[in-house]
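Dumping the structure here so I can ask a few things about it.
Residue numbering restarts at 1 for every chain, and letters A, B, ... go by the order of the sequence lines.
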Protein chains: 2
Amino acid sequence: MISIILADDHAIMRGGLKQLFTLTEDIVVAAEAQTGQELLDLLQEIDIKLVLLDLTMPGGGIDLISQLRTLYVDLPVLVLSMHNELQTISRSLKAGASGYLTKDNDPETLLLAIRKVANGGRYIDPKTAEKLVFESDNSQQKSLYEKLSVREMQILQLLASGKSVNEIGHELAISNKTVSTHKARLFEKLELNNNAELIRYYDAQDLKQ
Amino acid sequence: MISIILADDHAIMRGGLKQLFTLTEDIVVAAEAQTGQELLDLLQEIDIKLVLLDLTMPGGGIDLISQLRTLYVDLPVLVLSMHNELQTISRSLKAGASGYLTKDNDPETLLLAIRKVANGGRYIDPKTAEKLVFESDNSQQKSLYEKLSVREMQILQLLASGKSVNEIGHELAISNKTVSTHKARLFEKLELNNNAELIRYYDAQDLKQ
DNA sequence: CAAGCGTGTAGGAATATCCCTACACTGAAA
DNA sequence: TTTCAGTGTAGGGATATTCCTACACGCTTG
């Protein structure tokens, strides 16, 4: 029996997944988390076999994977994401995720991946696995977006959501000066000159996904 | 019996939703589409009561809603989205969607929304509906723009172009403090909370004209 | 292994911006 | 006619942000 935690902030998605798992004999949802913190809290209380993690939830970035990997060395983390940005996939795996698949896969594939990962295996979407290998070779023409570090990307998202430098500093528990530095660096990398451009750049990127 | 088409490019999401609907007596999934085109093709073949549409799928933007509205006047479209950007919601509804809810709602809410919309009603997430009232009410009549004084409008345009308060003060040969006052007033009038919202508001207005 | 680049982190000083308040002027309402 | 709301203008003080600089760490790369 594979007991899992659903870590996804979309209740409808969780609801659907739970229903999906009722069709199986061997997979059961032990708990659900809507934020990274909630997930960490839950893990202290209950014992499960696998975390099914949506990266886009609040407090659910790459860092969370690293934390999980540190705190629970043997706990497999399967990332379930909407994005198939190679960058994100690659970073997730480096951070210690046992698998990665996008939500456009068949439900059967998800079940397969869960079983494989729960048994200590790894699962990566074959289509993207191939690209990953390919990409690492000719990482020449990276889009500006891909030049950003994880932290910078995070700051970008928070800025684009309308948060101030101070608010972000507080939220991430770092100095506002630090946030400002990150901001300056991502301005340089993205060749932006002001906040208006940042918002428009972000929205434009967002549409591409 | 409410027969629906699931239009979402995420197979896992569709799989989950389908399972969810098996719990109900009255909702049945007649078909699934992964792209806008696929949806349009399917609609020519089969007769259904409602389209459950994920805006983020390929070929699944606001335009698609307009098309559906033109081709099938009475077919209700319920938008299921991850984003709760006011703009997107507002535009969807203007384009003719019968309802809008985000994926972080309860599954029960989704069922409720489907039933309501299938019966000719409308459904909008209560949290966001409230915010929308201002926007839609005012934009129907006065287009918030018109509440702004000439000077405020000018400042808005300059801010949206990426100029700083100081730059604007210099350009208009008035104190930066004055510019700041104008800015504060237009923020209040437009019910904006930060620069990001200003940019998005301005761009949205721009599209309307 | 040494050197160097990228990254995450800040401090101090300089600016920029906001917040609250104020005042004069204009046109509309009472 | 008086009153009042809306507007364009700022000042002073409080905050926020930037700019420049720095440093430690980890990961390449010669």
Q | Heavy-atom side-chain contact between A/Tyr202 and A/Gln157 under 4.5 Å | A | yes

Answer with yes or no whether the side chains of B/Tyr123 and B/Ser98 bring together a donor and an acceptor at under 3.5 Å. no

When rounded to whole Å, the CD to C1' distance for the pair B/Glu188 and C/dC18 reads 14 Å

Worksheet item: So does A/Glu45 have more than 12 non-hydrogen atoms from other groups sitting under 6.0 Å from CD?
Response: yes

What residues 174-184 of chain B contributes to the DNA chain C interface at heavy-atom separation below 4.0 Å is B/Asn176, B/Lys177, B/Ser180, B/Lys183

Note to self: Any heavy-atom pair between the side chains of B/His10 and B/Arg14 that's under 4.5 Å?
What the structure shows: no

Using a strict cut-off of less than 4.0 Å between a Lys/Arg side-chain nitrogen and an Asp/Glu carboxylate oxygen, indicate whether A/Lys103 and A/Asp8 qualify as a salt bridge.
yes

Between CG of A/Asn194 and P of C/dA16 the distance, given in whole Å, is 15 Å

The correct set of residues in residues 158-173 of chain B placing a heavy atom under 4.0 Å from DNA chain C is B/Ser164, B/Val165, B/Asn166

Checklist line | Side-chain touch A/Val179/A/Ile155, heavy atoms, less than 4.5 angstrom | finding: yes

In whole angstroms, the gap separating P of C/dG8 from CE of A/Met153 amounts to 11 Å

*Taking 4.0 angstrom as the limit, do B/Lys183 and B/Glu152 come out as a salt bridge?*
no

To the nearest 0.5 Å, atom CG of A/Leu80 lies from atom CD1 of B/Ile12 at 5.0 Å

- Query: Do the side-chain N and O atoms of B/Asn166 and B/Ser164 include a donor-acceptor pair separated by under 3.5 angstrom?
  - Reply: no

If you apply the rule side-chain contact (heavy atoms from CB on, under 4.5 Å), what do you find for A/Leu159 with A/Leu198, and how did you get there?
CA-CA 8 Å; A/Leu159 285 171; A/Leu198 180 139; 4.0 Å; yes

Outer limits of DNA chain D sitting under 4.0 Å from a non-hydrogen atom of chain B, read 5' to 3', are D/dT7 to D/dG13

